[in-house]
Amino acid sequence: MRTVTPIQAHPKVRLRLLAAHLKQAKRSWQLLVLFSLPLAYLIIFQYWPMYGAQIAFKDFIPVKGIMGSEWVGMKHMTRFFGSYDFWRVLKNTIGLAFYHLIVGFPVPIILALGLNYVRQARFKKSVQMITYAPHFISTVVMVGMLLQFLDPRTGIVNQFLTLIGVDPVHFMAKPELFQTIYVLSDIWQNAGWGCIIYLAALAGVSPTLHEAAVVDGASKWRRIWHIDLPGIMPVMIILLILSMGNLMQTGFEKVYLMQNPVNITTSEVIDTYVYKVGLISDGLNFSYASAIGLFKSIVNLLLLITVNQIARVVGKESLW
Amino acid sequence: MHHIKRPKQRIKESRGDAAFTWINYSILLTMVLITLYPLIYIVSASFSDSQAVVSGKVWLWPVQPTLDGYEAIFKHKLIVSSVMNSFYYMIVGTLFNVVLTLMAAYPLSRRDFYGAKLFMVLLVFTMMFDGGLIPRYLLVKDLGMLDTRWALIIPAALSVWNVIITRTYFRVTISSELLEAAQMDGCNDFRFLWKIVLPLSAPIIAVISLFYAVGHWNQYFNALIYLKDQSLYPLQIVLKDILVQNKVDMSMVADAVEIAEKDALRQLLKYSLIVVAAGPVLVLYPFVQKHFVKGVMIGSLKE
């Protein structure tokens with residue numbers, strides 16, 4: 001084995017390099033001034049909480065503060081792994097995430113591919129405008145709508161079921177239906193919006209490819225398969241990586257709002273659990289809740305790195 | 001039908017392609033109907049008679065149109081005050097957001113900005129790793145922002161995603177020749193940003209303003225954890241109590257005596273409330289929609 005000696009810069013050269021750096025920094029001083037406020041925001045509101053996450057390994061006592069509280073190592077993590085709730089919450093989180101990914105991922109792609117073959121500009125515009133709209137509805141209103149529609153007595157779905165002679169169903173009180181209601185309503189709300197990025201990617205597919213394919217007598221099905229899909233593949237992979245990286249990040253707000261004592265067996269996910277343990281329960285288990293939250297963040301980060309690595313090797317496409 | 005109207009005679013579609021077109025239009029139409037029906041139903045229900053709503057007589061259009069639901073809303077003091085609060089958070093919050101986003105995005109868009117790479121990494125990393133709910137709560141608490149309006153504005157002052165699309169927009173639209181020419185004339189960075197970049201950035205400013213404004217209008221979770229004082233509540237918190245937890249004090253809005261009547265009015269109020277809560281945003285967004293292409297697409301795809 002050969003050892004490589006690092007190139008040692010002559011002190012004078014190093015000094016000149018430093019001077020060049022300073023000069024460049026000085027030339028950007030106005031930009032630095034502009035950036036200082038956002039930078040302060042990042043440090044205070046993003047990086048300080050990361051630093052504060054150390055209370056996951058401490059017994060946090062408010063009067064002693066983050067620094068002053070005592071280290072207890074993995075105590076809270078192990079307590080979580082050993083708790084009765086752990087497997088249930090983890091299973092619900094991952095189950096919901098995969099269900100959402102598998103059912104929800106293709107819909108925007110299908111919508112975008114379809115829209116791409118619409119000739120009438122006005123029809124295309126209208127479809128877009130209408131399908132984007134639900135994206136702007138708030139989570140609270142969305143869940144409110146679900147509860148109204150699915151109400152066992154007055155909801156329109158059960159009114160319809162009664163009309164065709166089927167017994168009313170109390171949808172929200174069925175634990176086995178929770179995930180389906182969550183996923184389908186999410187598709188209703190976000191699939192249209194999700195297709196924007198694919199439409200942009202499709203717009204970037206060279207028209208000459210399509211012209212050549214038409215001359216060769218390729219059908220539209222084949223053009224989708226051989227031209228459009230490969231064309232949007234990079235975007236698909238990037239979005240897939242991102243959603244894998246957010247796998248544990250189930251939509252806290254919506255899940256929390258959809259929860260009720262009956263469906264809690266399938267609807268308790270990590271985020272809602274952290275909230276309840278940390279901020280609602282009387283014990284004020286800040287450290288325990290932080291440990292669970294940190295566990296989630298770390299798993300997310302690892303997933304993101306892993307999937308990105310796989311995508312880089314297999315598909316030659318990656319985030320970084 | 002449209003085959004006949006088409007001005008230029010095109011090569012006749014093959015069978016497979018004709019089938020494709022049929023299937024395609026059917027799918028798209030189905031999606032449109034599925035999206036539209038719930039929205040139309042809610043608007044219709046909100047204008048209908050309360051008894052007609054709860055007994056399932058409303059299917060598509062309003063039945064025995066009334067404004068009872070809306071009247072009930074305006075009598076409900078908490079709803080009115082929370083709508084005011086939400087407007088406040090939306091306007092002030094968005095102002096903070098947009099200014100801060102531009103201040104972050106413009107320097108990052110400049111290739112000669114000293115430290116751009118490091119700052120970009122700092123920014124993007126926050127998308128991948130999160131300190132967690134509890135440390136963030138403790139921070140807001142330590143800063144003395146609990147139960148103040150600031151709690152809904154400052155901690156959410158910047159969205160990394162919006163910084164990135166704005167930065168890319170700048171990179172694509174503001175050419176380096178423009179900057180060089182301005183620098184030749186002795187224009188400094190502040191002036192350049194103010195006089196040249198901003199006037200060219202109306203589309204992206206419109207888009208991020210919409211995103212931020214909608215975010216503030218729809219925000220409830222931060223209010224849920226940071227606010228206890230009812231007089232500061234944004235609309236979404238009040239909506240949550242009424243729509244999701246069914247907590248609505250009917251004595252506040254009506255003097256109906258009978259329980260059944262009250263109950264029906266409560267349902268009607270919910271539909272009207274959904275319209276009031278979602279309406280402003282849904283009416284606003286089509287005006288900005290034409291900028292999505294310019295703003296979001298350029299912003300998110302290139303690089």
Side-chain angles (χ1 to χ4, degrees), chain A residues 24-25 28 30-32 34-35 37-39 41-42 45-46 48-50 52-53 55 111 114 117 120 127 129-131 133-134 136-141 143-145 147-149 154 156 159 188 192 196-197 200-201 219-221 245 253 257 274-275 278-279 286 289-290 293-294 297 301 304, chain B residues 14 16-17 20 24 27-28 31-32 35-36 38 41 54 56 100 103-104 106-107 110 113-114 119 122-123 126 128-139 155 157-158 188-190 214 218 220-221 225 236 239-240 243-244 267 270 274 277-278 281-282 285-286 289 292 296-297 300-301:
Chain A
Q24 214 193 340
S28 312
Q30 292 179 330
L31 298 176
L32 280 166
L34 277 174
F35 197 71
L37 212 54
L39 186 63
Y41 169 83
L42 278 182
F45 287 97
Q46 299 291 341
W48 180 258
M50 287 186 204
I55 62 170
L111 187 58
Y117 282 88
Q120 290 81 355
V127 175
M129 198 171 92
I130 291 164
T131 51
F136 294 95
I137 294 174
S138 78
T139 319
V140 178
V141 170
V143 176
M145 282 167 63
L147 295 178
Q148 286 307 101
F149 288 143
T154 60
I156 183 161
Q159 306 268 16
W188 179 80
I196 291 186
I197 195 156
S219 70
K220 286 180 177 171
W221 303 101
E253 299 195 349
L257 289 170
V274 170
Y275 173 62
L279 293 180
F286 281 153
S290 301
L294 190 64
S297 292
L301 187 62
L304 184 68
Chain B
S14 73
D17 280 0
F20 174 88
N24 189 19
I27 293 177
L28 291 176
M31 284 190 178
V32 166
T35 312
L36 267 185
Y41 176 82
V54 293
L100 213 60
M103 284 170 75
Y106 179 67
R110 285 271 296 268
F113 176 37
Y114 184 78
F119 294 141
L122 274 181
L123 197 73
T126 63
M128 302 194 271
F129 191 79
D130 171 33
L133 171 68
I134 307 294
R136 226 176 320 131
Y137 173 81
L138 290 174
L139 171 70
L158 197 67
N188 67 26
D189 291 332
F190 296 139
V214 171
N218 287 346
Y220 96 97
F221 183 60
I225 55 178
Q236 301 295 329
L239 283 179
K240 172 182 156 276
L243 293 178
V244 179
Q267 298 302 327
K270 288 184 185 174
I274 291 174
V281 179
L282 291 190
Y285 109 89
Q289 193 203 354
F292 286 162
V296 187
M297 289 188 181
S300 55
L301 275 177

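Here is how names work: the chains are called A, B, and so on, in the same order as the sequence lines, proteins then strands, and each is numbered from 1. Every value quoted in this text rests on a predicted model; they were computed, and no experiment measured them.
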To the nearest 0.5 Å, what is the distance between CE on A/M145 and CH2 on A/W188?
4.0 Å
Separation of A/S297 OG from B/F129 CZ (nearest 0.5 Å):
5.0 Å
State, yes or no, whether a side-chain contact exists between A/L32 and A/L39 at a heavy-atom distance under 4.5 Å.
no
Mind checking what makes side-chain contact (heavy atoms from CB on, under 4.5 Å) contact with B/P135, not counting sequence neighbours?
A/P49, A/A53, A/S290
Which residues share a side-chain contact (heavy atoms from CB on, under 4.5 Å) with A/L34, sequence neighbours left out
A/L31, B/M103, B/Y106, B/P107, B/F190, B/L193
Can you tell me which of [options] forms the most heavy-atom pairs within a distance under 4.5 Å of chain A?
| options | value |
| --- | --- |
| B/A157, B/A277, B/G132, B/A104 | B/A104 |
| B/I27, B/L123, B/D17 | B/D17 |
| B/L243, B/D189, B/I225, B/D130 | B/D189 |
| B/L239, B/L122, B/L36 | B/L122 |

[X] versus chain B, the contacting section by heavy-atom distance below 4.5 Å:
| X | answer |
| --- | --- |
| A/I156 | both |
| A/L42 | side chain |
| A/L294 | side chain |
| A/L147 | side chain |

Checking side-chain contact (heavy atoms from CB on, under 4.5 Å) for the pair B/N218/A/T139: CA distance, chi angles, key distance, verdict?
CA-CA 7 Å; B/N218 287 346; A/T139 319; over 6 Å; no
Between B/Y220 and B/Q236, which heavy-atom pair has the shortest distance, and what is it?
CB-CB, 3.4 Å
Heavy-atom closest contact (B/A278 atom, A/I137 atom, distance)
CB-CG1, 4.3 Å
If I measure from the heavy atoms of chain A, does [X] come under 4.5 Å with its side chain, its backbone, both, or neither?
| X | answer |
| --- | --- |
| B/L158 | both |
| B/V244 | both |
| B/Y285 | side chain |
| B/L133 | side chain |
| B/V32 | both |
| B/L100 | both |
| B/R136 | both |
| B/L282 | side chain |

Which of the residues [options] is involved in the greatest number of heavy-atom pairs with chain B at under 4.5 angstrom?
| options | answer |
| --- | --- |
| A/W48, A/F45, A/Y41 | A/Y41 |
| A/V143, A/L111, A/T131 | A/L111 |
| A/Y275, A/F35, A/F149 | A/F35 |

Residues A/V127, B/M31; criterion side-chain contact (heavy atoms from CB on, under 4.5 Å); working and verdict:
CA-CA 8 Å; A/V127 175; B/M31 284 190 178; over 6 Å; no
